[in-house]
Enquirer: 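Dumping the structure here so I can ask a few things about it.
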Amino acid sequence: MKKVITYGTFDLLHYGHINLLKRAKALGDYLIVGVTTDSFDISRGKLNVQQSLMERIQAVKDTGLADEVIPEEYIGQKIDDIRRYHIDVFAIGSDWEGKFDYLKEYCEVVYLPRTANISSTKLRQENSGI
Ligand code: C2G
């Protein structure tokens, strides 16, 4: 069985996220999705997340695309997860192109083209009437 992993915040889940999850799932037979915890997001400078971890995890589960959803809590967890879950493919959007090449030591790394014209930032701005 080919196992794929991907990660994200998935705040205000939108079709860009769904598109990413669909294509990640299609790279193998089993998809694990890591959802960032609030403290991990704060530590990496992402300070404006609107939904709680539980809401974001539920939204990812509701897509029906993830076989397993796990929290992502710390820097370095990706390597631990790839080993722990015997991951074959790490997939992430092309806005991260090159940033995760260090994982090639552990599994295949695939950058999937980002969906244009949609983002959590845009939705947050629209929600706040900007
Ligand atoms: N994404 C996409 N198209 C968009 C928006 C997002 O393909 N229009 C993808 C991103 O490239 C990412 C995933 O959806 O692969 C989740 O995006 P975010 O929720 O913004 O999470 P991000 O900060 O990219 O998390 O460990 C965390 C990850 O490294 C990255």
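Throughout, residue positions are numbered sequentially from 1 according to the sequence presented. Numbering of ligands and ligand atoms starts at 1, following listing order.
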Enquirer: Considering distance alone, does some N or O of Phe100 sit under 3.5 Å from an N or O of ligand 1?
Expert: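 No, no N or O pair falls under 3.5 Å.
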Enquirer: Might you point out which heavy atoms bring Val33 and Ala66 nearest each other, and give the distance in Å?
Expert: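 Between these two residues, the closest heavy atoms are CG2-CB, 3.7 Å.
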Enquirer: Salt bridge (charged side-chain N to carboxylate O under 4.0 Å, His left out) with Lys78: which of Glu73, Glu72, Glu105?
Expert: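 Only match with Lys78 under salt bridge (charged side-chain N to carboxylate O under 4.0 Å, His left out): Glu72.
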Enquirer: Counting only heavy atoms not in Ile75, do more than 12 fall under 6.0 Å of its CD1?
Expert: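 For Ile75, atom CD1 is not crowded (no more than 12 foreign heavy atoms under 6.0 Å).
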Enquirer: Using a 3.5 Å cut-off on N or O atoms only, is Lys46 in polar contact with ligand 1?
Expert: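 N/O-N/O distance under 3.5 Å: yes.
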Enquirer: Salt bridge or not between Arg124 and Asp11? Use side-chain N to carboxylate O under 4.0 Å.
Expert: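 Asp11 and Arg124: salt-bridged.
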Enquirer: Which of the numbered atoms in ligand 1 are under 4.0 angstrom from any heavy atom belonging to Gly93?
Expert: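 The list of qualifying atoms is 11 (O), 15 (O).
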Enquirer: Geometry only, no angles: is Asp11 polar-contacting ligand 1 at N/O separations under 3.5 Å?
Expert: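 No: no nitrogen or oxygen of Asp11 is under 3.5 Å from one in ligand 1.
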Enquirer: For ligand 1, which is the ligand I care about here, please tell me if His14 has any N or O atom under 3.5 Å from one of the ligand's N or O atoms.
Expert: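 It does not: no N or O of His14 is found under 3.5 Å from an N or O of ligand 1.
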Enquirer: Let me know which of Glu68, Lys3, Lys25 forms a side-chain hydrogen bond (donor to acceptor under 3.5 Å, both in side chains) with Tyr30.
Expert: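 Among the candidates, only Glu68 passes.
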Enquirer: Does an N or O from Ser119, backbone or side chain, lie closer than 3.5 Å to an N or O of ligand 1?
Expert: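 No; the residue has no nitrogen or oxygen that sits under 3.5 Å from a nitrogen or oxygen of the ligand.
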Enquirer: From the options Ser94, Gly8, Gly16, select the one whose nearest heavy atom is closest to atom 25 (O) of ligand 1.
Expert: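 When every heavy atom of Ser94, Gly8, Gly16 is considered, Gly8 comes closest to atom 25 (O) of ligand 1.
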Enquirer: Could you name the option among Phe10, Trp96, Phe40 that has the heavy atom nearest to atom 19 (O) of ligand 1?
Expert: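 Residue with the shortest heavy-atom distance to the ligand atom: Phe10.
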Enquirer: Return the CD1 to OH distance between Ile5 and Tyr7, rounded to the nearest 0.5 Å.
Expert: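 So the gap between those two atoms works out to 3.5 Å.
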Enquirer: Mind checking whether Asp95 contacts ligand 1 via backbone (N, CA, C, O), side chain (CB onward), both or neither, at a 4.0 Å heavy-atom cut-off?
Expert: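 For Asp95, only side-chain atoms sit under 4.0 Å from ligand 1.
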Enquirer: Which value, rounded to the nearest 0.5 Å, describes the distance between Arg84 atom CZ and Ile79 atom CD1?
Expert: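 Here the rounded value is 12.0 Å.
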Enquirer: Side chain, backbone, both or neither: which applies to Lys99 and ligand 1 if a contact is any heavy-atom pair less than 4.0 Å apart?
Expert: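 None of Lys99 does.
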Enquirer: Just by distance, with hydrogens left out, do Tyr111 and Asp95 show a side-chain donor and acceptor under 3.5 Å apart?
Expert: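 Not at all, the side chains of Tyr111 and Asp95 share no donor-acceptor pair under 3.5 Å.
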Enquirer: Taking atom NZ of Lys22 as the centre, report whether more than 12 heavy atoms of other residues, nucleotides or ligands fall under 6.0 Å from it.
Expert: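 Not more than 12 within 6.0 Å, no.
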Enquirer: If I apply the N/O under 3.5 Å rule, does Ile92 come out as touching ligand 1?
Expert: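 The answer is no, given that Ile92 and ligand 1 share no N or O pair closer than 3.5 Å.
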Enquirer: Distance check, rounded to the nearest 0.5 Å: Thr9 atom OG1 versus Asp41 atom CG?
Expert: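 Those atoms lie 3.5 Å apart.
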Enquirer: Just let me know how Leu20 lines up against ligand 1, side chain, backbone, both or neither, with a heavy-atom cut-off below 4.0 Å.
Expert: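 The answer is the side chain.
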Enquirer: Search all heavy atoms of Ile87 against all heavy atoms of Asp81 and return the closest pair with its distance.
Expert: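 Answer, listing the atom of Ile87 first, then Asp81: CG1-O, 4.0 Å.
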Enquirer: Would you call the rings of Phe90 and Phe100 parallel, tilted or perpendicular, where under 30° means parallel and over 60° means perpendicular?
Expert: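 Phe90 and Phe100: tilted rings.
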Enquirer: When you measure from atom 14 (O) of ligand 1 to every protein heavy atom, which one gives the shortest distance, and what is it?
Expert: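 Answer for atom 14 (O) of ligand 1: His17 CD2, 3.5 Å.
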Enquirer: Are any of the N/O atoms on Ile118, whether in the backbone or the side chain, positioned under 3.5 angstrom from an N/O atom of ligand 1?
Expert: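 Ile118 vs ligand 1: N/O contact under 3.5 Å present.
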Enquirer: Identify, for atom 21 (O) of ligand 1, the protein heavy atom at the shortest distance, and state residue, atom and that distance.
Expert: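 That would be Thr9 N, 3.1 Å.
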Enquirer: Has ligand 1 got any nitrogen or oxygen that is less than 3.5 angstrom from a nitrogen or oxygen of Thr115?
Expert: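 Yes: some nitrogen or oxygen of Thr115 is under 3.5 Å from one in ligand 1.
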Enquirer: Under 3.5 Å, N or O to N or O, is Ser120 touching ligand 1 that way?
Expert: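 It does not: no N or O of Ser120 is found under 3.5 Å from an N or O of ligand 1.
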Enquirer: Which residue owns the protein heavy atom closest to atom 2 (C) of ligand 1, what's the atom, and how far is it?
Expert: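 Looking only at protein heavy atoms, the one closest to atom 2 (C) of ligand 1 is Arg114 CG, 3.6 Å.
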Enquirer: Considering Tyr15, Tyr7, Phe90, which one's heavy-atom position lies nearest to atom 28 (C) of ligand 1?
Expert: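 Looking at heavy atoms only, the winner is Tyr7.
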Enquirer: Would you check whether Glu72 has a nitrogen or oxygen atom less than 3.5 angstrom from a nitrogen or oxygen atom of ligand 1?
Expert: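 Indeed, backbone or side chain, Glu72 has an N or O that close.
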